[in-house]
Amino acid sequence: MNIIVQKFGGTSVGTKELREKVARKVIDTKKTGKYPVVVVSAIGRNGAPYATDTLINFANAAFKEYDSRELDMIMACGEMISTVILSNTIKSMGYKGIALTGYQAGIITDERYGDAEVLKVDPSNILDLLRQDYIPVVTGFQGATEKGDITTLGRGGSDTSAAILGEALKASVVEIYTDVDGVMTADPRLVAEAKVIDHIGYDEIYQMAEDGAKVVHPRAVAIAKRGSIPLKVKNTLSDAPGTIIHHKGTCNNKYSKNVSKEDILTAIAHKNNINQVSVYFEDSVELNELLMNELTNNQISIDLINFFIDKKVFTIESKDIEKVEKILKKNGFHYHIIRDCSKITAIGNAMRGIPGVMAKIVKSLSKENIRILQTSDSHNTISCLVSDRDTQKAVNALHKEFNLSK
Ligand code: ADP
Ligand code: ASP
Ligand code: MG
């Protein structure tokens, strides 16, 4: 059975016309003799009546405090609505669409509401339905605990649903349909010259996704890599070939490419809502331990970590500012926070061992009068923290400096 998982993002199903287009795509796949399994997100973006953000805002307005288990039930409604509407669109075109919740699709998670981890997938229900010629339409972003309580898989988690089903069903490919032509050299909303990357390795796209390129969720990439399932990112609205994500170099030769010296970088990613925290104290084992334990116990994730003798510098996401300030004040730490920063990351597996990459980055940002607040690097990334207002300028400057639109 050649199974193809086709995931459609929220903007892909926003209108009746779009849903008909999506249904036709799925039916066309079915007509080729393959077995499509559809995953769909909540309709639209913030402001649209059943978009996830709208549902969260609704909950926030209705209650001062609520249980995360119940917030998951509210958030999951958006995807429930989309699956029913899309499966009925498929039915109206003469094919056997059927809507399934995460639980009915066999996706079992732990109880970390809001960011649950998939523990196992039982694909038997979907496989039975496929044998009976159904086209299953599964809620993205959703699983359930062993007890049957609804859980959600973290923001952007419909990609994860698609990848986890792809793995469990041994799909030949997982197609992620969205509102851009594929994975691009930068977010096209910021860089007009951004170019589609026709193929990319799991590790590079994972890094891009971790560093803010939300075109595909990093968890989905990790799952696809684990199952060696190719991911394709395509535009719902065009027939552009899109991007294929695979084990670069070990896959079919037609997808492999020799990296030349000019191709040091693959893409520039950016992440907003970052805040730089500096905590001042003379080095001490006890104070280091106190600070780190407090952050860990409060589930605060820190990034861009630089420890100096007289200060400790790290970044946090905006959602954690209040919690961090409370911790620092409670423990009498002297600190300073620079708010509203962006982390700009240059990504490229081929940069390892190539001298002068950092020099080029510094030169191009300085030329634009952009202050670099902090840097960090790994074998395939160099990140610079800049002020939020410089984000677009910085991404464009690096994109141009490394000739990524060529
Ligand atoms: P969906 O609702 O389909 O899941 P998302 O909003 O999660 O869509 O992801 C698609 C968006 O990702 C695009 O509209 C684009 O602005 C953004 N994006 C950020 N970085 C990139 C990139 N490098 N390539 C393509 N799109 C990107
Ligand atoms: N609707 C969910 C969200 O907005 C999941 C997704 O879109 O992938 O996060
Ligand atoms: Mg998404």
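Start at 1 and go down the list; that is how both ligands and their atoms are numbered.
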Chemist: Regarding H247 and S228, is there a side-chain donor-to-acceptor distance under 3.5 Å anywhere?
Modeler: yes
Chemist: Within the 4.0 Å heavy-atom shell around S41, which atoms of ligand 2 are there?
Modeler: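 Once the distances to S41 are compared, the set is 6 (C), 7 (O), 8 (O).
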Chemist: Show which atoms of ligand 1 fall inside a sub-4.0 Å distance from at least one heavy-atom site of P188.
Modeler: 25 (C), 26 (N), 27 (C)
Chemist: Would you say Y50 has more than 12 foreign heavy atoms packed within less than 6.0 Å of its OH?
Modeler: no
Chemist: Which atoms of ligand 1 are found less than 4.0 Å from any heavy atom of G182?
Modeler: 24 (N), 25 (C)
Chemist: So, does H270 sit close enough to ligand 1 that a heavy atom of it is under 4.0 Å from the ligand?
Modeler: no
Chemist: For G140, is the nearest heavy atom under 4.0 Å from an atom of ligand 2?
Modeler: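 G140: no contact with ligand 2 (<4.0 Å).
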Chemist: Applying a heavy-atom cut-off of 4.0 Å, say which part of K7 lies close to ligand 1: side chain, backbone, both or neither.
Modeler: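 Just the side chain.
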Chemist: Name the closest protein heavy atom to atom 4 (O) of ligand 2, giving the residue it belongs to and the distance to 0.1 Å.
Modeler: R155 NH2, 2.9 Å
Chemist: Quick one: does A267 get within less than 4.0 Å of ligand 1, heavy atoms only?
Modeler: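 The answer is no, since A267 has no heavy atom less than 4.0 Å from ligand 1.
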Chemist: Considering non-hydrogen atoms of the protein only, which is the closest contact for atom 13 (C) of ligand 1, and what is the distance?
Modeler: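 Among all protein heavy atoms, the one nearest atom 13 (C) of ligand 1 is D179 OD1, 3.4 Å.
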Chemist: Is ligand 1 under 4.0 Å from a heavy atom in the side chain of K214, in the backbone, in both, or in neither?
Modeler: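 Both backbone and side chain of K214 come within 4.0 Å of ligand 1.
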Chemist: Could you check whether atom CZ of F58 has more than 12 heavy atoms from other residues, nucleotides or ligands sitting under 6.0 Å from it?
Modeler: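 At most 12 heavy atoms, drawn from other residues, nucleotides or ligands, come within 6.0 Å of this atom.
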Chemist: Just need the protein heavy atom nearest to atom 6 (C) of ligand 2, so name the residue and atom and give the distance.
Modeler: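 Looking only at protein heavy atoms, the one closest to atom 6 (C) of ligand 2 is S158 OG, 3.4 Å.
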Chemist: Around atom 24 (N) of ligand 1, find the nearest protein heavy atom and jot down its residue, atom name and distance.
Modeler: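 Of the protein heavy atoms, M184 N, 2.9 Å lies nearest.
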Chemist: Under 3.5 Å between some N or O of ligand 1 and some N or O of R45?
Modeler: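 The answer is yes, given that R45 and ligand 1 share an N or O pair closer than 3.5 Å.
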Chemist: Between R45 and D53, does any side-chain N to carboxylate O distance fall below 4.0 Å?
Modeler: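 No, this pair does not count.
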Chemist: Do D187 and ligand 1 have an N or O pair less than 3.5 Å apart?
Modeler: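 Between D187 and ligand 1 (N or O atoms, distance only) the closest approach is under 3.5 Å.
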Chemist: Please verify whether a non-hydrogen atom of G156 lies at under 4.0 Å from ligand 2.
Modeler: yes
Chemist: Give the numbers and elements of all ligand 1 atoms closer than 4.0 Å to a heavy atom of G10.
Modeler: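 The atoms of ligand 1 under 4.0 Å from a heavy atom of G10 are 2 (O).
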Chemist: What part of V180 sits under 4.0 Å from ligand 1 if we count only heavy atoms: the side chain, the backbone, both or neither?
Modeler: side chain
Chemist: Looking at K312 and Y280, would you say the former's side chain and the latter's main chain have a donor-acceptor pair under 3.5 Å?
Modeler: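 No, K312 side chain to Y280 backbone: no donor-acceptor pair under 3.5 Å.
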Chemist: Among protein heavy atoms, which sits nearest to atom 27 (C) of ligand 1, and what does the distance come to when rounded to 0.1 Å?
Modeler: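 Among all protein heavy atoms, the one nearest atom 27 (C) of ligand 1 is V215 CB, 3.7 Å.
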Chemist: Atom NZ of residue position K326 - does it have more than 12 heavy atoms of other residues, nucleotides or ligands inside 6.0 Å?
Modeler: no
Chemist: Non-hydrogen atoms of M75 versus ligand 2: any pair closer than 4.0 Å?
Modeler: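 Contact check M75 vs ligand 2: negative.
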Chemist: Would the distance check show the side chain of Q374 and the main-chain N or O of L304 forming a donor-acceptor pair, the cut-off being under 3.5 Å?
Modeler: yes
Chemist: Assess the pair F333 and F281: is the distance between their ring centroids shorter than 6.0 Å?
Modeler: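 Yes: the rings meet the under 6.0 Å criterion.
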Chemist: Quick check on contacts: which atoms of ligand 1 are under 4.0 angstrom from a heavy atom of M208?
Modeler: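 Per the distance check, 23 (N).
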Chemist: Does CG belonging to N297 count more than 12 external heavy atoms closer than 6.0 Å?
Modeler: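 Correct, the count exceeds 12.
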Chemist: For Q299, does the CD atom have more than 12 heavy-atom neighbours from other residues, nucleotides or ligands under 6.0 Å away?
Modeler: no
Chemist: Are there over 12 heavy-atom neighbours, none belonging to K400, within less than 6.0 Å of that residue's NZ?
Modeler: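 No, because the 6.0 Å sphere around NZ of K400 holds 12 heavy atoms or fewer from other groups.
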Chemist: Is A186 in contact with ligand 1, taking contact as a heavy-atom separation below 4.0 Å?
Modeler: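 Yes.
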Chemist: Give the atoms of ligand 2, by number and element, whose distance to some non-hydrogen atom of T52 is under 4.0 Å.
Modeler: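 Checking each atom against T52, I get 1 (N), 2 (C), 3 (C), 4 (O).
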Chemist: What protein heavy atom sits nearest atom 10 (C) of ligand 1, and how far away is it?
Modeler: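 Nearest protein contact, heavy atoms only, for atom 10 (C) of ligand 1 is T178 OG1, 3.5 Å.
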